[in-house]
There are 2 protein chains.
Amino acid sequence: MAVTLRDVAEKAGVSVRTVSNVVNGFQHIAPATRARVQAALEELNYRPNLVARSLRQGRTGIIMLVLPEINVSYFGELAHEVVDYATSVGITVQIDESGGDPKREKELLTSLAQASWVDGVLFSSLGLRGVDLAGLAGSRPLVLLGERTARTSLDHVGIDNVEASRQAVAHLVERGRTRIAALGGSGGARDATSKYRWKGFQQGMRAAGLDPDGLYLRTPDYRRGSASAAVKELLQWGERPDALFCFSDELAAGALRELYEQGVRVPDEIAVVGFDDIEASRYSTPALSSIRPDKAGIAKTAVDALLRRLDDPQGETHDYEVPFELIIRESSG
Amino acid sequence: MAVTLRDVAEKAGVSVRTVSNVVNGFQHIAPATRARVQAALEELNYRPNLVARSLRQGRTGIIMLVLPEINVSYFGELAHEVVDYATSVGITVQIDESGGDPKREKELLTSLAQASWVDGVLFSSLGLRGVDLAGLAGSRPLVLLGERTARTSLDHVGIDNVEASRQAVAHLVERGRTRIAALGGSGGARDATSKYRWKGFQQGMRAAGLDPDGLYLRTPDYRRGSASAAVKELLQWGERPDALFCFSDELAAGALRELYEQGVRVPDEIAVVGFDDIEASRYSTPALSSIRPDKAGIAKTAVDALLRRLDDPQGETHDYEVPFELIIRESSG
DNA sequence: GCCTGACTTTGCAACGATGCAACCCGCAGG
DNA sequence: CCTGCGGGTTGCATCGTTGCAAAGTCAGGC
């Protein structure tokens with residue numbers, strides 16, 4: 001079995017408590033004692049039992065990150081930043097996937113927020129409204145990532161989706177495009193991501209004097225395949241927008257692929273702009289213009305917010321807005 | 001504070017132990033008692049304290065997955081499969097990143113294998129040899145993912161990299177290519193991935209009567225940017241292979257991008273085959289041929305192996321070989 | 001009416017660590 | 001010589017749960 005404090009104490013001829021003091025760097029210890037204990041610690045290769053420590057202290061140092069799917073590039077990159085930053089402040093990250101399914105999201109929340117050893121939860125929800133969440137949130141701190149859903153009493157970190165989308169459209173307009181289509185999600189209340197991006201799209205169109213209720217290609221999810229299908233259908237109908245604003249880079253990738261297959265030149269005939277700026281987009285052909293959220297900023301802000309709430313569960317909640325940037329590449333150059 | 005067994009016991013007028021029995025579905029409990037306890041449980045909304053339970057039982061139900069970087073698509077997809085399968089068998093997954101840095105890998109192993117609450121570790125190493133690992137592996141079960149490194153006494157799950165690479169080359173040869181270049185990694189002992197893939201490449205070349213020590217473009221990592229740079233340099237030198245076998249799909253994506261920029265047509269002038277078959281490759285232009293490892297199979301096999309070892313720490317170790325498939329798409333069609 | 005055995009329920013100890021408060025000690029000050 | 005003080009060390013209780021073994025209850029068999 002594992003080496004415990006008691007084993008070390010026996011070997012060093014001191015009490016368990018003293019060994020614990022040495023391990024935790026307590027001040028008032030006689031140098032001789034400390035040395036003896038240190039020696040015993042090393043000889044037995046003692047490692048503290050973190051479970052026991054957690055039980056006593058009531059904290060585990062583990063936070064949970066709930067994402068729709070870790071294999072989606074944007075979430076993978078976000079998870080990377082979270083793990084990276086959390087590790088740097090001594091926190092371990094558990095990952096769970098909701099699949100974007102509201103039922104599973106609720107399940108996860110009820111079990112996590114109350115039952116688990118998790119100190120707090122970072123939750124990137126697709127389907128749940130803030131109100132749902134507020135009710136479910138248990139005793140444990142919860143920070144929402146992504147779109148700001150309905151007014152809630154929860155901490156939230158994200159970018160200004162409406163403004164980002166507006167800027168994307170403005171950019172396309174500035175490049176002389178007028179028949180601009182939006183692509184992705186449902187735009188409905190259940191899908192906050194597309195709801196806000198669609199809203200920003202409309203603002204941009206209106207500002208340019210274009211029809212704000214123009215073409216909107218809806219998709220059941222944000223994956224490449226859905227965009228391919230949607231674009232294929234669009235072209236079959238003979239519709240020819242001169243620009244496409246896709247609500248995720250993966251959607252844009254699917255769109256680019258389909259346009260390529262149909263022999264439509266990008267950006268000459270149709271310009272394309274994505275959202276998320278995943279790594280792959282820099283290398284697609286043509287390279288994809290996109291909205292780049294400050295992922296590292298989101299991760300740091302979110303983890304910090306969670307830690308702050310751990311120390312002060314009652315404090316006022318905040319809405320943290322993180323910067324973004326419109327990156328212009330070939331696909332809309 | 002949280003509701004404990006004692007709170008419930010008091011409310012229901014039974015002993016703590018009885019409540020525990022009810023919670024754990026123990027058989028012999030009087031229906032009346034069970035009902036009373038159930039009612040109290042629900043009224044107080046009791047949730048077991050998993051930390052305490054773990055302390056008592058010596059198991060946490062958490063496994064750690066160590067990857068170089070979660071934002072690399074292949075690892076993201078693998079992580080997805082692991083989380084998915086682990087969840088289905090009631091296991092939670094923690095993720096940590098090594099950055100592929102041998103020093104950090106060692107650090108993680110020493111701390112994880114001994115100190116943590118983790119029941120076991122799935123380790124996808126880039127830089128460490130099996131021998132290093134064997135020495136470091138602490139008291140906790142450890143299963144290696146990816147390339148089989150030096151002969152070890154550890155469980156290992158992966159595909160036959162040599163054979164996969166051989167088949168990729170054979171495919172290119174069959175399509176009439178003769179000046180085939182390999183791209184990725186160093187081929188050295190420190191980089192098992194490229195070592196085996198390069199070996200398979202050579203076997204394939206030899207079998208076709210081609211120079212087995214032909215062109216090998218080395219890269220410091222497996223990311224898109226490195227391949228772009230390598231291909232750029234290659235073309236500057238005036239070398240013109242007629243096929244490129246890239247040791248990862250991300251490398252292939254970078255290569256495709258650079259070939260596009262330089263106006264080299266794929267597959268007409270140069271055919272390209274990748275390795276990993278990440279989601280994005282189906283949608284690249286042109287769509288990328290690739291070796292598809294059975295990722296779900298790897299995940300399931302690895303988790304199962306870990307669980308088996310938990311029950312029988314002394315059992316014989318295995319080398320699990322998981323199937324793969326060569327997917328042929330436009331880039332080498 | 002007593003014994004056996006199955007069914008219920010329980011108290012105690014333990015998992016390994018840390019908070020608390022007390023203890024012992026030597027020394028300076030009165 | 002006694003008191004007070006602060007450094008060094010300790011025992012005990014505790015975190016919330018479950019394993020163990022025994023105690024209590026009750027019905028059925030002899």
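So you know, we letter chains A, B, ... as the sequences are listed, proteins then strands, and number each from 1. Quick caveat, the model's predicted, so the values are computed rather than measured.
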So does [X] get a side-chain nitrogen or oxygen closer than 4.0 Å to the phosphate oxygens (OP1/OP2) of [N]?
X	N	answer
B:N21	C:dT8	no
A:R53	C:dT18	yes
B:T33	C:dT9	yes
A:S20	C:dA17	no
A:T18	D:dT9	no

To the nearest angstrom, how far is [X] atom [atom1] from [N] atom [atom2]?
X	N	atom1	atom2	result
B:R36	C:dT9	CZ	C1'	11 Å
A:Q27	D:dG8	CD	P	10 Å
B:L50	D:dG16	CG	P	13 Å
B:R6	C:dC12	CZ	C1'	14 Å
A:Y46	C:dG16	OH	P	10 Å
A:N24	D:dG8	CG	C1'	16 Å
A:E10	C:dG16	CD	C1'	14 Å
A:H28	D:dT10	NE2	P	16 Å

Taking side chain as C-beta onward, heavy atoms only, is [X] less than 4.5 Å from [Y]?
X	Y	value
A:V157	A:V143	yes
A:I63	A:V121	no
B:V8	B:V3	yes

Any donor-acceptor pair under 3.5 Å joining the side chain of B:R56 to the base of D:dT17?
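No such pair is found, so the answer is no.
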
For A:L5, answer base if it contacts any base atom (sugar-phosphate contacts may also be present), sugar-phosphate if it contacts only those atoms, and nothing otherwise; contact means non-hydrogen atoms under 4.0 Å.
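Base contact.
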
What is the nucleic acid contact for A:V14, judged by heavy atoms within less than 4.0 Å: base, sugar-phosphate only, or nothing?
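Sugar-phosphate, no base atom in range.
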
State the NZ-CD1 distance between B:K295 and B:I159, to the nearest 0.5 angstrom.
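It is 10.0 Å, given to the nearest 0.5 Å.
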
Would you mind telling me which of [options] lies closest to the side-chain atoms of [X]?
X	options	result
A:Q57	D:dC15, D:dT18, C:dG19	C:dG19
A:S15	D:dG8, D:dG11, C:dT18	D:dG11
B:R17	D:dG16, C:dG11, D:dG8	C:dG11
A:F26	D:dT9, C:dG19, C:dT9	D:dT9
A:L55	D:dG7, D:dC15, D:dT17	D:dC15

Please assess B:D276 against B:Y222 for the test side-chain contact (heavy atoms from CB on, under 4.5 Å), listing each intermediate value before the final yes or no.
CA-CA 11 Å; B:D276 290 340; B:Y222 291 80; over 6 Å; no

Which atom pair, heavy atoms only, marks the closest approach of B:A299 to B:Y85?
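Shortest heavy-atom separation between B:A299 and B:Y85 comes out as O-CD2, 4.4 Å.
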
